[in-house]
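Below is one structure, written out as structure tokens, with a few remarks after it.
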Amino acid sequence: MSILSFNNLLHFQSIWKSIPFQTKEERKLANHFFNSIVDTEFDSNREKNQQQYVNIINKFSALKPHAEEISHAYSLFAEKRKSAWTYLSLALYHKQYDQIIEPESDRMLKMIETPHSKNRIILAPFHMGMHTMSMPLITRYFDKTTILVNSDEIDIILHWMDTYLESTFSTSTNMVPVPSHTSPLKFAKSIMRGATGIIFPEFSYGINQEEEEISFLGGTFKAPIGVYVLAKRLSAKVYPIGSIWNEKENKVRFMIGDTLDPNTLSQSTFLQNLFAQGEEWIAKYPEQWLWDHLIE
């Protein structure tokens, strides 16, 4: 287990903050030491269960020829992600946003909606790259956000937000725990009150348990219809979003797909278009999609 696992990071940073550095030079030296640990972790090539995802990847013919290679790369990336969490957390704590997000991503996120727009917005980020960790970066581009989060992860995410995010962004983000029969209503009300919704499209989160089979990576995928149902009820625009960890630059890259309007698209067309966009990103960066959620 890496010393930079997510839980240990929270404890380590609380100690780090309490150290009474006397000068800027001491703080600089300490940060250099900590970043050296991160760099060492990035260079680590721990290999564990590298072939466990082959059978899942083989179900999608577009990726089947490279299944072993993808499974190997995904296993390594899962380890490197722990170090990236640390790196991103430190950068957020020190407000070094320009050092952790690609300039083009910054430009695109600023263009999603004009300031003070009254359009209802739902962001549909696929489980790629840094997953939930990339969401604090997105919150900076909107006045208020609401996100559906697994209930068993709420406490640790709240702790992390209180530690690393500026209070302005920490308090403007509302996390709705799931599963809960009241969560869809709470989530919808937040959007109706002006918040930007964030829902991962691969899961229904109790909004609607129905699924629709769609073509995906040369195979089929049972796509939850929840994001369509919710967007249709709220007349909300949906933006597909992908994100990857650019290891060479130590930065997050965001990709934004074409806007989807549930009022002009059928359920089938909406879902196919949404997942076709995700398919494009996943085919390009298969080692950064969360394959674990397909393992039952």
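If you're wondering where the values come from, they're calculated on a predicted model, not measured in any experiment. Reckoned from all heavy atoms, side chains included, excluding hydrogens, waters and symmetry mates.
With hydrogens and angles ignored, the 3.5 Å screen pairs no side-chain donor or acceptor of Ser180 with any backbone N or O of Pro177. At distances below 3.5 Å, at least one donor-acceptor pair connects side-chain atoms of Asn246 with backbone N or O atoms of Glu249. Using modelled atom types, one side-chain atom of Ser75 and one backbone atom of Ser71 make a donor-acceptor pair closer than 3.5 Å. With hydrogens and angles disregarded, no donor-acceptor distance shorter than 3.5 Å links the side chain of Trp291 to the backbone of Ile70. For the pair Lys144 (side chain) and Arg193 (backbone), a donor-acceptor distance under 3.5 Å is present.
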Next on the checklist: For Tyr97 and Asp106: C-alpha separation, side-chain torsions, deciding distance, then whether side-chain hydrogen bond (donor to acceptor under 3.5 Å, both in side chains) applies.
Outcome noted: CA-CA 10 Å; Tyr97 306 114; Asp106 178 72; over 6 Å; no
Checklist entry - For Gln277 and Asn273, what are the C-alpha separation, side-chain angles and deciding distance, and is it a side-chain contact (heavy atoms from CB on, under 4.5 Å)? => result CA-CA 6 Å; Gln277 182 61 84; Asn273 289 354; over 6 Å; no
Checklist entry - Is there a salt bridge (charged side-chain N to carboxylate O under 4.0 Å, His left out) between Glu102 and Lys251 once you walk through the steps? => result CA-CA 6 Å; Glu102 292 186 350; Lys251 291 184 178 181; over 6 Å; no
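Counting heavy atoms from C-beta on, the side chains of Leu137 and Ile100 come closer than 4.5 Å. Annotation: side chain of Met128 is in contact with side chain of Ile282 (closest heavy-atom distance under 4.5 Å). For the pair Ile101 and Leu109, the minimum side-chain heavy-atom distance is below 4.5 Å.
Grouping the Ile, Leu, Val, Met, Phe, Trp and Tyr side chains by contacts below 4.5 angstrom, directly or via other members, places Val176 apart from Leu185. Taken together through direct or relayed side-chain contacts under 4.5 Å among Ile, Leu, Val, Met, Phe, Trp and Tyr, Val54 and Phe60 form parts of separate hydrophobic clusters.
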Atom pairs and distances, donor-acceptor, side-chain atoms in residues 216-240, under 3.5 Å, two or more places apart:
unit_1 : atom_1 : unit_2 : atom_2 : d
Tyr228 : OH     : Leu265 : O      : 3.4
Lys232 : NZ     : Pro262 : O      : 3.4
Ser235 : OG     : Asn263 : ND2    : 3.4
Tyr239 : OH     : Ile112 : O      : 3.0
Tyr239 : OH     : Glu113 : OE2    : 3.0

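Inspection of the Thr139 and Thr145 side chains reveals no N or O donor paired with an N or O acceptor under 3.5 Å. Side-chain contact of Asp292 with Tyr53: a donor-acceptor pair under 3.5 Å is present, judged by distance alone. In this model, a donor atom of one side chain and an acceptor atom of the other lie less than 3.5 Å apart for Ser268 and Glu212.
The neighbour count for Glu104 CD, taken as heavy atoms of other residues, nucleotides or ligands under 6.0 Å away, is above 12. Counting heavy-atom neighbours within 6.0 Å of Asp98 CG, excluding the residue itself, gives a total above 12.
The two residues Phe200 and Ile147 make their nearest non-hydrogen contact at CE1-CD1, 4.2 Å. When all heavy atoms of Leu123 and Ile138 are compared, the pair lying nearest together is CD1-CG2, 3.5 Å. In plain terms, the two heavy atoms of Ile241 and Trp281 that are nearest each other are C-CZ3, 3.2 Å.
Using the six-membered ring where Trp is involved, His127 and Phe203 have ring planes that are perpendicular, over 60° apart on the 30 and 60° scheme.
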